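Heads up, the thing below is written out as structure tokens.
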Amino acid sequence: MEKERVQVMEAENKGKGLMAPEDLATKLTALVVDDDKLTRMLHQRLLNKAGVKNHAVENGKEAVDIHRSAQSFDMILMDKDMPIMNGIEATKKLRSMGIGSMIIGVSSSSKEEEIREFMEAGLNDYKVKPFTFTMLSSILDKINS
């Protein structure tokens with residue numbers, strides 16, 4: 001598995017694409033939660049290239065609702081600033097519902113106070129946009145270990 005991961009990283013560094021072996025993501029699922037359509041598309045493209053099955057929603061309320069409908073995901077990429085229900089509220093609600101998925105805050109804010117508030121809502125990790133394949137790989141490594 002380590003050899004395959006190195007090959008994927010080498011391919012990325014050589015600019016030959018981000019082709020991942022099918023078993024690298026080991027059939028993981030992800031939910032992308034972001035109000036910006038372009039960001040959702042970019043995050044989904046990264047997940048697809050890593051072999052992660054994914055779904056996207058536009059705000060925190062939709063993320064909560066999809067979990068209420070008995071769908072579950074291994075990880076959730078959660079934006080902080082969204083209309084209807086922001087990422088902090090959504091993360092708190094998901095945790096109060098017993099959702100144990102790895103929730104990663106992905107936002108443009110690099111202010112320590114805002115990051116701390118988001119982390120305290122129940123995040124497992126926080127990444128500053130732009131979200132990259134390298135960031136995704138480190139998250140997948142944590143999930144698979």
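Owing to the predicted nature of the structure, the values given are computational and were not obtained by experimental measurement. Reckoned from all heavy atoms, side chains included, excluding hydrogens, waters and symmetry mates. Along the sequence shown, the residues carry numbers beginning at 1.
The NZ atom of Lys61 sits 12.5 Å away from atom CD of Glu89, with the distance rounded to the nearest 0.5 Å. Met78 CE to Asp125 CG: the interatomic distance, rounded to the nearest 0.5 Å, is 14.0 Å. For the atom pair Asp36 CG and Met82 CE, the distance stands at 11.5 Å (nearest 0.5 Å). Atom-to-atom distance recorded for Lys80:NZ and Lys129:NZ is 10.5 Å, nearest 0.5 angstrom.
Here side chain to side chain donor-acceptor pair (under 3.5 Å) pairs that include residues 98-110, with residues two or more places apart or in two chains, are Ser109-Glu114. Within the structure, the ring-ring contact (aromatic ring centres under 6.0 Å, His included) test picks out the following pairs touching residues 34-54 (sequence neighbours left out): His43-Phe131. Sorted by first and then second residue, the pairs that involve residues 67-111 and meet ring-ring contact (aromatic ring centres under 6.0 Å, His included), not counting sequence neighbours, are His67-Phe73.
Side chains of Ile115 and Met119 form a contact here, defined as non-hydrogen atoms less than 4.5 Å apart. With a 4.5 Å cut-off on side-chain heavy atoms, Ile139 and Lys142 do not count as touching. Between Asp35 and Asn59 the shortest side-chain heavy-atom distance does not fall below 4.5 Å. Within the 4.5 Å cutoff, the side chain of Arg116 has heavy atoms near those of the Glu113 side chain. Between Glu58 and Asp34, the closest side-chain pair of non-hydrogen atoms is not below 4.5 Å. Residues Val32 and Leu47 have side chains in contact (heavy-atom distance under 4.5 Å, counting atoms from C-beta outward). Between Leu31 and Asn54, the closest side-chain pair of non-hydrogen atoms is not below 4.5 Å. The side-chain heavy atoms of Ile88 and Glu117, taken from C-beta on, include a pair separated by under 4.5 Å.
Across all non-hydrogen atoms, the minimal contact from Ile66 to Ser69 is O-OG, 2.7 Å. Heavy-atom minimum distance, Gly60 versus Ala90: CA-CB, 3.5 Å.
Hydrophobic clustering, with ILVMFWY side chains joined whenever heavy atoms are under 4.5 angstrom apart, keeps Ile84 apart from Val106. Linking Ile, Leu, Val, Met, Phe, Trp and Tyr residues whenever their side-chain heavy atoms come within less than 4.5 Å places Val52 and Leu77 in a single cluster. Taking hydrophobic clusters as Ile, Leu, Val, Met, Phe, Trp and Tyr residues chained together by side-chain heavy-atom distances below 4.5 Å, Met75 does not share a cluster with Val33. Connection of Met135 to Leu123 is not established within any shared hydrophobic cluster, with ILVMFWY side chains joined at heavy-atom distances below 4.5 Å, either directly or through further cluster members.
In this structure a side-chain-to-backbone donor-acceptor pair under 3.5 Å is present from Arg95 to Ile99. A donor-acceptor pair under 3.5 Å is absent between the side-chain atoms of Arg40 and the main chain of Ala56, judged by distance alone. A donor-acceptor pair is defined here as one N or O able to donate and one able to accept, closer than 3.5 Å; such a pair exists between the side chain of Thr29 and the backbone of Asp74.
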Q | Candidate pair Val64 and Met97, rule side chain to side chain contact (heavy atoms under 4.5 Å, CB included), full reasoning | A | CA-CA 9 Å; Val64 170; Met97 293 166 56; 3.7 Å; yes

Q: Report the C-alpha separation of Leu38 and Leu42 in whole Å, then their side-chain angles, then the decisive distance to 0.1 Å, and conclude whether the side chain to side chain contact (heavy atoms under 4.5 Å, CB included) test is met.
A: CA-CA 6 Å; Leu38 180 60; Leu42 292 172; 4.1 Å; yes

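Defined by atom type and a distance below 3.5 Å, a donor-acceptor pair is missing between the side-chain atoms of Asn86 and Asp81.
The one candidate from Ile104, Thr91, Leu94 that meets the side-chain contact (heavy atoms from CB on, under 4.5 Å) condition with Ile76 is Leu94.
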